[in-house]
Protein chains: 4
Amino acid sequence: MKKSEKTKQKILTVTINLIAKRGYASTSTREIAEQADVSEATIFKYYKSKDKLLKTIVIQTMEKLFKSSSEKKLSEIINKNKSKNPEIILKTLLEERFNFFDEHKNELKVIFQEMLINKKVQNYFKEEIWSKMVKISDGLFKQIKNKCTLKEEIDGYMFRKTLFGMIFFTILFENILEDNINLDSNKQATLISNIIFDGISF
Amino acid sequence: MKKSEKTKQKILTVTINLIAKRGYASTSTREIAEQADVSEATIFKYYKSKDKLLKTIVIQTMEKLFKSSSEKKLSEIINKNKSKNPEIILKTLLEERFNFFDEHKNELKVIFQEMLINKKVQNYFKEEIWSKMVKISDGLFKQIKNKCTLKEEIDGYMFRKTLFGMIFFTILFENILEDNINLDSNKQATLISNIIFDGISF
Amino acid sequence: MKKSEKTKQKILTVTINLIAKRGYASTSTREIAEQADVSEATIFKYYKSKDKLLKTIVIQTMEKLFKSSSEKKLSEIINKNKSKNPEIILKTLLEERFNFFDEHKNELKVIFQEMLINKKVQNYFKEEIWSKMVKISDGLFKQIKNKCTLKEEIDGYMFRKTLFGMIFFTILFENILEDNINLDSNKQATLISNIIFDGISF
Amino acid sequence: MKKSEKTKQKILTVTINLIAKRGYASTSTREIAEQADVSEATIFKYYKSKDKLLKTIVIQTMEKLFKSSSEKKLSEIINKNKSKNPEIILKTLLEERFNFFDEHKNELKVIFQEMLINKKVQNYFKEEIWSKMVKISDGLFKQIKNKCTLKEEIDGYMFRKTLFGMIFFTILFENILEDNINLDSNKQATLISNIIFDGISF
DNA sequence: CATGAATGAGCTTTCATTCAT
DNA sequence: AATGAATGAAAGCTCATTCAT
């Protein structure tokens, strides 16, 4: 990597960690500069404004969420397992995603935090990410419907809510509220898909 | 209400709405003053500092969450229905809570937003609120265990995660991500307790 | 004393003590109100403005410095002892003054502190007080000249400087810089007039 | 001098003059910025806080008072003249000091003003400066004792009081109270040491 | 007689940003 | 490729002061 590329990346990493910890508005460019060991001027050289620095983080992360390897992997998983039990598909999908989440926890925190108060990030997420998540979730839901008899009141929306509720909770609040959690991605995925398919009771 | 009490309350209301919309750090006392139609000096007269203004909101809301009527109602519901199906208990609890959430959506947003970045709020919530939520949820979980045969991997923690994942999602993200949702508290409660008990499939 | 008179006096006393400790600019009307156990409004009712409150203190103290009993006492002392050794006159004068200073240390501190930065107080002091002090000191100096042979370079100005240098130092800095000083007014007066007349050596 | 060094120095100079004139609490950073022809932000860039700006002035001046050239000069004077009349030593010391005082009148005013109300400055001055002044003054007093017969009541403390009383008076009040004083350092030193040794009378 | 309620103006301080070097 | 030097604008907060009650 070129030196300038390295510097750019360092700024990005530091910023992600700081925003994840303190929030965007409470993270000053001075602090970023100090921790990234560059001058404030350098930050503005590379990213024009604090806002564009955030934008870069948000967009980069969102792109990663569904890009290249990521997107392919997901559709591969769905296609490969078409014939199989949808519970297994869900479990496999979740496992792949949880691995991603683990690696990008701070970036995702930044996005979710900002989404709560930043209209642009809201729209961007809704259009670029949520729409895809809805699509995948709906696809899965259809497959399930084909194989199982569902309660009539349960629709795609409630399916999403259960699924993404747990995911968002895991990313945002679990570390804060729960002590001593040591579930690997596989275990997490198994338990969640289990609950979704059968509830907690037999 | 005395005039001063009115002013204090107005400041509080305006602040809650502003912080829910923009976040704490991005809400200036100047803006609060303008919208509450008082001078900045008045805000500081009543609340000493911006930080204490936030603290007041957080504590007041947390107290409401489990105080007096609230706490009694919850234990009443649990006691009254001891003999009944735990699914019904859960449903009744949820319905009561969703009514509360609807009335206090912005205050809750303030708390959850701050919890993501503010250590004090994190600890306060964990000790004062989350511990009680865990207790209730565990109590319920035990009742369920007594009446139904549960999968062995499912424990109180996964139960919480499902339940509160959906609740947090509803409060924080639903309005942003989902269009045209028109579920009343009763409907919400029914669907969620349904899913938790039976999953989405028969 | 009437109640209102009592309140007025309490405000004055508190203010003097506070200003002596912190300085005028660093003493807030809020603090005065708190310590005097009245509302800020009450202060402004009696003294119109913070500035006039200071003015009251300054003028009252200055008046005390040379008024009534005070002024009479001084000229009495001078007249009574005209025939005596000027050293004794000086000693007697000083003793009387040191007793006054002890009783009004804080008020005097307020005046001297303010004199360093406040043009009005400077002029007021110069015209109302210093001029009288110069007159007395000059009178004394003349008496001394009549009885003793003075070095030719020593004039009224140097006499003043020695005398009031020690006095000002005593009022302003002695407490701060010197530990364990336990000289009563009589002792102080004796030593100072001693030094002035004979220097420190025989 | 580098540009930044120049700016820093300018801020310092302006601040000293302003505080000497108005007092610390009545000097706003706004005013300093205007007179130093920089922005307020620049002041805080270099000095972190208004308090630290004052601290810089106080410490720098105190260091100057006894550092390098200064301290050496003083002990040189004392050593060189050991055999001579202590009156001459005192005179020489005073002359050297009065030259310093003339050059640093405003800085010294700042220190003395602050000393009246600021505990930290009080302690700092007492420990760093006054202790040394006492030492020098005591050393001199001993020399005098060896050569002259002193009145028994006169001790080091009264010696200090006379000496530093006049010095403090000169720095703080003379300009304010006395008109048309045109004594150079040499003259001042001569007169003061004269008075101290012989009083005003033969 | 006294104060509760309110504030405009000003304070110190921090922020994101610029630009010459 | 990077930064030292500087800043306008805005932040949180305090102050002396007013006035209706």
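The sequence lines fix the lettering, A, B, ..., with proteins before strands; numbering per chain opens at 1.
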When the distance from NZ of C:K48 to P of F:dC19 is rounded to whole Å, what number comes out? 11 Å
C:E114: salt bridge (charged side-chain N to carboxylate O under 4.0 Å, His left out) partners, not counting sequence neighbours: none
Please list residues of residues 114-122 of chain D whose heavy atoms come under 4.0 Å from any atom in DNA chain E, ordered by number; otherwise none. none
How would you list all residue pairs meeting ring-ring contact (aromatic ring centres under 6.0 Å, His included) that involve residues 31-59 of chain C, not counting sequence neighbours? none
Is the shortest heavy-atom distance from the side chain of A:I32 to the side chain of A:V38 under 4.5 Å? no
Residue-level proximity of residues 13-32 of chain A to DNA chain F when a heavy atom falls under 4.0 Å: none
Residues at least two apart in sequence or cross-chain that pass side chain to side chain contact (heavy atoms under 4.5 Å, CB included) with D:K52, listed by chain then number, are D:K48, D:S49
Separation of atom OH in C:Y47 from atom P in F:dT18, rounded to whole Å: 17 Å
From CD of C:E34 across to P of F:dA16 the rounded distance in Å is 12 Å
What pairs meet the side-chain hydrogen bond (donor to acceptor under 3.5 Å, both in side chains) rule with one or both residues in residues 19-30 of chain D, with sequence neighbours excluded? D:R22-D:E31, D:Y24-D:D51, D:T29-D:E40, D:R30-D:E40
Indicate for each nucleotide in nucleotides 2-9 of chain E, in 5' to 3' sequence, whether protein heavy atoms under 4.0 Å reach the base (B), only the sugar-phosphate (S), or nothing (-). BBBSBBB-
Checking A:S39 now: which residues fulfil side chain to side chain donor-acceptor pair (under 3.5 Å) with it, not counting sequence neighbours? A:T42
Taking everything shown except A:K105 itself, do over 12 heavy atoms lie less than 6.0 Å from its NZ? yes
What's the shortest heavy-atom distance between C:T61 and C:L108, and which atoms? CG2-CD2, 4.3 Å
Would you mind reporting whether A:I19 and A:N106 have side-chain heavy atoms less than 4.5 Å apart? no
Measure from CZ on A:F44 to P on E:dC19 and round the result to the nearest Å. 13 Å
Mind listing the closest non-hydrogen atom pair of A:L116 and B:I176 along with its distance? CA-CD1, 4.2 Å
Contacts satisfying side-chain hydrogen bond (donor to acceptor under 3.5 Å, both in side chains) that involve residues 120-130 of chain C (not counting sequence neighbours) are C:K126-D:D179
Less than 3.5 Å apart, which donor and acceptor atoms pair up between the side chains of residues 6-15 of chain A and the rest of the protein, not counting sequence neighbours?
{"from": "A:T7", "atom 1": "OG1", "to": "A:K3", "atom 2": "O", "distance (Å)": "3.0"}
{"from": "A:T13", "atom 1": "OG1", "to": "A:Q9", "atom 2": "O", "distance (Å)": "2.8"}
{"from": "A:T15", "atom 1": "OG1", "to": "A:I11", "atom 2": "O", "distance (Å)": "2.6"}

DNA chain E stem ranges, 3 or more consecutive Watson-Crick or G-U pairs under 3.5 angstrom: E:2-21 with F:2-21
For D:I129, the side chain to side chain contact (heavy atoms under 4.5 Å, CB included) test, sequence neighbours excluded, returns D:M62, D:L65, D:F66, D:F125, D:M133
In terms of the nearest nucleotide of DNA chain E, which residue is placed more toward the 5' end: D:K50 or A:S49? D:K50
